[in-house]
Amino acid sequence: MPFMRGVSPIRRTLKYLESGKIHFKECVKIMTINYNYRGDEHEGARDFIFWYLPQIQYKNPDVQMVTFRNLTPTPFIRCYLDDGREVLMDVFNKSKDEIHDHLNRILGKTEETLREERQAQIKIANPANFGLGCRRHCMCEVTGQIPCPNIVQLPNKYRGKFIFAPDF
């Protein structure tokens with residue numbers, strides 16, 4: 001497999017990308033990461049970019065991610081919000097896991113919010129649902145279905161009492 005070559009090919013698998021835990025709030029529009037290629041104090045930022053940035057990009061396709069290398073003496077992450085505010089996070093001498101947890105705590109959605117969004121998405125996304133609170137009130141509203149039994153009586157071949165009744 002050609003995608004399983006290179007440094008840490010596990011990062012390019014769908015299972016790894018889906019296992020990311022950071023889902024940004026809707027107000028986050030741009031995230032920039034400033035770090036240097038050399039230096040022990042930048043090691044956490046480098047590891048964060050190597051291991052967690054692909055997952056964050058996969059989970060947040062509407063957020064623009066930018067990395068700036070070798071432009072700053074200290075590593076930091078800056079996030080721009082939709083109302084014009086900026087969130088600045090210092091990652092000097094922090095490990096990749098500390099950065100991940102801190103970023104999730106500040107700008108990530110809570111587990112309750114994610115659960116509610118999943119439930120709402122399941123309810124809305126399934127076109128097979130019909131009844132009160134769904135897009136369709138009755139199955140007869142779907143194109144290609146037989147008319148509603150309230151309006152037009154079903155043919156005998158579709159009615160159970162004629163199919164299962166014993167012939168005398």
Could you tell me whether the side chain of [Y] reaches within less than 4.5 Å of the side chain of [X], counting heavy atoms only?
X	Y	result
Phe76	Phe68	no
Thr74	Glu41	no
Ile56	Phe24	yes
Asp101	Asn104	no
Met89	Val91	yes
Ile10	Arg12	no
Met31	Ile77	yes
Thr32	Thr67	no

How close do [X] and [Y] get, counting heavy atoms only, and between which atoms?
X	Y	result
Lys94	Asp90	NZ-O, 3.4 Å
Leu53	Met65	CD1-SD, 4.1 Å
Tyr16	Trp51	OH-O, 2.5 Å
Leu107	Val28	CD2-CG2, 4.0 Å
Ala45	Tyr35	CB-CB, 3.9 Å
Glu26	Lys29	O-NZ, 3.3 Å

- Query: Looking at residues at least two apart in the chain, or sitting in another chain, which of them share a salt bridge (charged side-chain N to carboxylate O under 4.0 Å, His left out) with Arg78?
  - Reply: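 For Arg78, the residues satisfying salt bridge (charged side-chain N to carboxylate O under 4.0 Å, His left out) (neighbours in sequence not counted) are Glu86.
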
Examine distances only and state if a side-chain atom of [X] and a backbone atom of [Y] form a donor-acceptor pair shorter than 3.5 Å.
X	Y	value
Asn70	Tyr37	yes
Arg46	Gly39	yes
Asp47	His42	no
Thr72	Pro75	no
Gln55	Tyr52	no
Asn36	Arg38	no
Arg11	Phe50	yes

Nearest-0.5 Å distance, [atom1] of residue [X] to [atom2] of residue [Y]:
X	Y	atom1	atom2	answer
Leu81	Cys27	CG	SG	4.5 Å
Tyr58	Ser19	OH	OG	10.5 Å
Lys25	Ile106	NZ	CD1	9.5 Å
Ile99	Phe92	CD1	CZ	12.0 Å

- Check the pair Leu114, Glu116 against side chain to side chain contact (heavy atoms under 4.5 Å, CB included), reporting the backbone distance first and the verdict last. CA-CA 5 Å; Leu114 292 173; Glu116 290 172 3; over 6 Å; no

- Ion pair Glu18/Lys59, N-O distance below 4.0 Å: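 So Glu18 does not pair with Lys59 through a salt bridge.
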
- Message: Whether Glu43 and Lys96 form a salt bridge (side-chain N of Lys/Arg under 4.0 Å from carboxylate O of Asp/Glu) is what I want to check.
- Response: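 A salt bridge is absent here (no side-chain N lies under 4.0 Å from a carboxylate O).
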
- Item | Worked check of salt bridge (charged side-chain N to carboxylate O under 4.0 Å, His left out) between Arg118 and Glu112 | CA-CA 10 Å; Arg118 262 186 255 120; Glu112 301 161 1; over 6 Å; no

- Message: Take a 6.0 Å sphere around CG of Asn156 and say whether it holds more than 12 heavy atoms from other residues, nucleotides or ligands.
- Response: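 Result for CG/Asn156: enclosed.
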
- Using 30° and 60° as the class limits, which term best fits the ring planes of His100 and Phe48: parallel, tilted or perpendicular?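 The arrangement is tilted - the two ring planes meet at 30° to 60°.
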
- Query: In chain order, what residues pass the side-chain contact (heavy atoms from CB on, under 4.5 Å) check against Met139, with sequence neighbours excluded?
  - Reply: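 With sequence neighbours excluded, Met139 shows a side-chain contact (heavy atoms from CB on, under 4.5 Å) to Phe130, Val142, Gln145, given in chain and number order.
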
- Item | Hphob cluster co-occupancy, Ile49 + Val87, side-chain heavy atoms under 4.5 angstrom |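 Per the 4.5 Å side-chain linkage, Ile49 and Val87 are co-clustered.
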
